[in-house]
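The structure displayed is predicted, hence computed values, not measured ones. Read the numbers this way: they start at 1 and go in the same order the structure lists the ligands and their atoms.
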Amino acid sequence: MTVEQTLSIIKPDATRRNLTGKINAKIEDAGLKIIAQKRLQLTKQQAEAFYAVHKERAFFGELVDFMISGPVVVQALEGENAVARYREVMGATNPANADEGTIRREFAESIEANSVHGSDSLDNAAIEIAFFFSKIEIAA
Ligand code: ADP
Ligand code: MG
């Protein structure tokens, strides 16, 4: 077991429904620590840059429009195996396939408006945390 950090984003469908606290409770109940957090409105350019790995996918344009449709809360999380652990807490991309008790099962509206983002690997976690946070903003 190793202590890792991962990037989480509470997406606009969730901030719109005032679910930040309920999602944070699930994160903390899972033993993950929120070591940085800020709420912001992404620009189109920022959302396109963040999701650049998906730019060839059919849903890219819609995904970017969705991610800029309202504020997001970006967070750095820390804990044992935080990357995989948070993916478990989030649940499957499509909420119809997400396990009972996961964030997406409880809160997601659709495969697109699925309430949260979590890094998919340790390497991407470092890149994604650095996209949003400087060292001075992270207090582990
Ligand atoms: P995850 O967020 O579970 O890592 P992906 O990285 O595959 O999933 O996709 C990134 C995001 O793109 C998803 O969280 C979701 O918001 C959106 N998305 C994924 N697949 C689809 C789809 N088939 N239609 C619309 N949006 C999608
Ligand atoms: Mg992903």
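Rounded to the nearest 0.5 Å, atoms CG (L63) and NZ (K55) are 13.5 Å apart. One finds the CZ atom of R17 at 10.0 Å from the NZ atom of K22 (value rounded to the nearest 0.5 Å).
The closest approach between D120 and ligand 1 stays at or above 4.0 Å for every heavy atom of the residue. Proximity of K11 to ligand 1 is established by a heavy-atom distance of less than 4.0 Å. At least one heavy atom of R87 lies less than 4.0 angstrom from ligand 1. Residue contacts with ligand 1 include H54, since one or more of its heavy atoms lies under 4.0 Å from the ligand.
Between atom 13 (C) of ligand 1 and the options N114, N124, N94, the minimum heavy-atom separation is to N114. By heavy-atom distance, the residue among H117, M90, R104 lying nearest atom 2 (O) of ligand 1 is R104. The residue from I111, V64, V116 that puts a heavy atom closest to atom 15 (C) of ligand 1 is I111.
Judged by distance alone, the side chains of R16 and S69 do bring a donor and an acceptor atom under 3.5 Å apart.
Here the heavy atom of the protein found nearest to atom 3 (O) of ligand 1 is T93 OG1, 2.5 Å. Atom 16 (O) of ligand 1 has E112 O, 2.8 Å as its closest protein atom, hydrogens excluded (heavy atom only). The protein heavy-atom contact nearest to atom 25 (C) of ligand 1 is F59 CB, 3.7 Å.
Side-chain atoms of L7 and Y86, non-hydrogen and from C-beta on, never get closer than 4.5 Å to each other.
Two rings, from F60 and Y51, have their centers 6.0 Å or more apart.
Residues V72 and I138 share a single hydrophobic cluster, defined by chaining ILVMFWY side chains whose heavy atoms lie under 4.5 Å apart.
By the 30° and 60° cut-offs, the orientation of the rings of F59 relative to H54 is tilted.
Contact annotation for R57 and ligand 1: only side-chain heavy atoms (C-beta onward) come within less than 4.0 Å of the ligand.
By the 4.0 Å N-to-carboxylate-O rule, K26 lies close enough to E106 to be salt-bridged with it.
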